[in-house]
Each structure stands twice: as structure tokens, then as C-alpha cells.
Amino acid sequence: MRNDDDLKRNPEADLMETEMIEIRDPEDTLSETTAITISDIDAESEETGTRTGSGTGGQPHKKTGKHKRRMKPWVRVVLYVILIGSLIGAVYSGIQLYLGNKTYREGMDTYSKLVQETGKDPETADDMEYVPADFEALAKINPDVVAWITLPGTEIDYPVVQGTDNEYYLEHLFTKETNHTGCVFLDANNKNDFSDHNSILYAHHMRNGSMFSAVEDFRQKGFLEEHPYFVLQTKEAVYKIEPFADILGDAYSTYNQTEFADDQAFLRFIEDIRKNSTLKSDAVITAEDRVVILSTCRYDVAEGRYGLVGKLTLVKRTSD
């Protein structure tokens, strides 16, 4: 993780080197255990042998006997310790799984309740239907609220906050309750009206499909055609975020750059992203445009990051 003090700015450079935020599913750490069965600890074998020797009369000499082979006491102890350790590990994993599912449920219930309590009647703007957010009601719950983001047809329908750092809301819900589900949050270095050339939104990639799990689905063929835009609401306006590129990065990627030396530096930043993007689009980006990067984790590589880059377009002012 990084604090604001960790940022090393170079106003003349095109990129700002930062360490990316860890947004992996917090519950994705459960250990797997293998049950060990100990059987036949006391094995008994019967051995019969014939030996020819120079006994009386030179006759063959036969000796028959039974020998028990017992496991040494210290070996027995070691095996029992392994067995007991495995059982304890299985119980611990079960408890962690239960607590993880409980965390998921509590987080989802909190956000479902927010939708019900702070949503208004659906509206249509620019041929897109959305539920207006009640920012006055949201601010009473958490004054850090800056927006509401929705990806129609998916689980993404959440309030957006901005804290004083990029760590607090990784482990706190919108209600500020401690919960590994976290909250969608705007980079602490961004302007809260999304007026920067590049604004970054972070959220966990949860295994149960919540938070920003659906963001990485844009890697799938056809998903962009089915979900061509996000709806981003602020207190002042309604925007579209139209995805046009993506970033397959890691913990040290530098796409969380919020300042650029000039317009040309911003355009080079976009060009570099598009060169390596697996998502292709004909969208035109100019120096006057603004983009939003939705950042989360990917699990196909260690410390992987996925950034979905979208063009921010004003749909309407809320005062209109």
C-alpha cells in the first residue's frame, strides 16, 4: 500500500512513478488443507526362513519364527501431530470461510440498503436510464461522498467516496464500518469534481461478483458491446464513462498518474495505453478530453492489476 507521502512527483516527466494500490479480494487468502489418514500403524508380518547347515548328521536345519515390526514411538507421535495439525487447519479454514461469507453478506446488504434509501425515481438522459442518487441523504451518512457509479446490468451500483489517503476505504464500507469489502473510492490526489485529465477509481475484485469484479469482464469478447457505458453521477452533473482501452498491469504500474506536464504529455500517456491494450475501440481522445480509469486486481498473475480506461462525457447538468 502507499500513502500520499510516498508519491514522487516529477512535473517535467510524462509519468509519475507510484506503487499501485493492493485491491485484491481480501478473503482470497484461505489456506487449503489435506486430511491425512493414518492406518496400519501397527503392521505385523510373518517371516519363515529355511537355513541349511552342518548340524548333526549333516541334515538340513530349518528355523521358523515370527517377528513383529512395530513403529517406533517417536514416529507415532510425529504422525499424530501431523494429523491433529491438519484437523486444526481444516477447522480454521472453515471458520475463515464462514467469516468471509459473513463479510460479503454484510457488505452487500449495506449497499443494497443504500440503493433503496437514497435512490429516486428512474430518469432517462441521452437514451440511458439510471436512478438518480440523493446526494443530500448520502452526505448525511458519509460526507466523503463524491459520486455514484453504475454499470447497467451488473452488480456495479455503488456510491463513490474520497478519503485523505488511498488506504482507509480498502477496509471500510460507505458507512465507515470496518469490512473487507471496502468501498469504491476516488484517488486522494484527484479533484473531486472529476475535472482532472485522468481520474482513478479503486475497488476490490470480490470473488462473489461484487464491487469491481465486473470491471475485468471487459476482457471477455462481446462484453463491451453489451455494456458500452457506465453512468457516473456527481452532485453537479451526470456523465457517461465509455470504455475504450484497458491495462494489464501489476503493483508497480504507473497508470494512476493524476497530473501531466502539458496536453501533449497526456496524449502520449493515452497513446502508450492504447498500444498495449487488449480492448480495442475507435473512440477519439483529444487534449480537451478527460478519462476515468477503474482499477482493480486480476488473479491470473501475482500482484496483478487491471485498469479499464473510459472517456468521460458530460450528459447533463443536474440544474438543467
A side-chain contact here means heavy atoms from C-beta on lying under 4.5 Å apart; do [X] and [Y] qualify?
X: Val291; Y: Ile270; result: yes
X: Val184; Y: Val161; result: no
X: Asp282; Y: Val284; result: no
X: Leu138; Y: Trp148; result: yes
X: Gln233; Y: Tyr130; result: yes
X: His172; Y: Cys183; result: no

Results of salt bridge (charged side-chain N to carboxylate O under 4.0 Å, His left out) for Asp300 - residues two or more places apart only: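 Salt bridge (charged side-chain N to carboxylate O under 4.0 Å, His left out) check on Asp300 returns Arg219, Arg298.
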
With sequence neighbours excluded, residues passing salt bridge (charged side-chain N to carboxylate O under 4.0 Å, His left out) with Asp289: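 For Asp289, the residues satisfying salt bridge (charged side-chain N to carboxylate O under 4.0 Å, His left out) (neighbours in sequence not counted) are Lys311.
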
Worked check of side-chain contact (heavy atoms from CB on, under 4.5 Å) between Thr234 and Asp193: CA-CA 7 Å; Thr234 70; Asp193 61 355; over 6 Å; no

At what distance, to the nearest 0.5 angstrom, does [atom1] of [X] lie from [atom2] of [Y]?
X: Ile200; Y: Tyr255; atom1: CD1; atom2: OH; value: 9.0 Å
X: Leu201; Y: Ser295; atom1: CG; atom2: OG; value: 9.5 Å
X: Asn198; Y: Ile273; atom1: CG; atom2: CD1; value: 7.0 Å
X: Thr258; Y: Asn190; atom1: OG1; atom2: CG; value: 5.5 Å
X: Ile293; Y: Gln257; atom1: CD1; atom2: CD; value: 9.5 Å
X: His180; Y: Met211; atom1: NE2; atom2: CE; value: 14.0 Å

Pair Ile149-Leu151, side-chain contact (heavy atoms from CB on, under 4.5 Å): steps then yes or no: CA-CA 7 Å; Ile149 189 168; Leu151 179 59; over 6 Å; no

Results of side-chain contact (heavy atoms from CB on, under 4.5 Å) for Glu177 - residues two or more places apart only: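 In terms of side-chain contact (heavy atoms from CB on, under 4.5 Å), with neighbours along the sequence ignored, Glu177 is linked to Thr110, Leu173, Thr175.
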
Ring centers of Phe269, Phe260 separated by less than 6.0 Å: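 Yes, the ring of Phe269 comes within the 6.0 Å limit of the ring of Phe260, centre to centre.
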
Within the 6.0 Å centroid threshold, strictly below: His204 and Phe212: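 So the answer is no for these two rings.
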
Given 3.5 Å as the limit, does a donor-acceptor pair link the side chain of [X] with the main chain of [Y], or not?
X: Thr313; Y: Lys240; value: no
X: Tyr158; Y: Glu155; value: yes
X: Asp272; Y: Lys275; value: no
X: Thr150; Y: Pro152; value: no
X: Asp196; Y: Ser199; value: no

Donor + acceptor pair across side chains of Asn166, Tyr202 (<3.5 Å):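 Tyr202 and Asn166 do not have a side-chain donor-acceptor pair below 3.5 Å.
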
Pair Tyr169-Asp144, side-chain donor/acceptor within less than 3.5 Å: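 A donor-acceptor contact under 3.5 Å links the two side chains.
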
Distance-minimising heavy-atom pair for [X] and [Y]:
X: Pro243; Y: Leu279; result: CB-CD2, 4.2 Å
X: Glu225; Y: Gly222; result: OE1-CA, 3.1 Å
X: Leu314; Y: Ala237; result: CD1-CB, 3.6 Å
X: Ile156; Y: Ala214; result: CD1-CB, 4.0 Å
X: His205; Y: Ser213; result: CD2-OG, 3.2 Å
X: Leu232; Y: Ala147; result: CD1-CB, 3.9 Å

Lys280, NZ: over 12 other non-hydrogen atoms inside 6.0 angstrom: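 Counting other residues, nucleotides and ligands, NZ of Lys280 exceeds 12 neighbours.
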
Residue Gln220 excluded, over 12 heavy atoms near CD under 6.0 Å: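 Yes, the 6.0 Å shell around CD holds more than 12 heavy atoms from other groups.
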
Step-by-step side-chain contact (heavy atoms from CB on, under 4.5 Å) determination, Phe230 to Leu308: CA-CA 11 Å; Phe230 292 76; Leu308 181 67; 3.7 Å; yes

Stepwise side-chain contact (heavy atoms from CB on, under 4.5 Å) check, Arg290 with Tyr239: CA-CA 11 Å; Arg290 291 174 286 167; Tyr239 299 91; 3.8 Å; yes

Same cluster (ILVMFWY, side-chain, under 4.5 Å), Leu83 and Val77: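 No, separate clusters.
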
Geometric class of the His197/Phe266 ring pair [parallel <30°, tilted 30-60°, perpendicular >60°]: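 Phe266 and His197: parallel rings.
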
Member of Tyr306, Phe244, Phe223, Tyr229 meeting the ring pair (Phe, Tyr, Trp, His ring centres under 6.0 Å) criterion with Phe218: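 With Phe218 as partner, ring pair (Phe, Tyr, Trp, His ring centres under 6.0 Å) holds for just one option, Phe223.
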
Candidate pair Asp250 and Arg305, rule salt bridge (charged side-chain N to carboxylate O under 4.0 Å, His left out), full reasoning: CA-CA 5 Å; Asp250 57 28; Arg305 301 288 185 275; over 6 Å; no

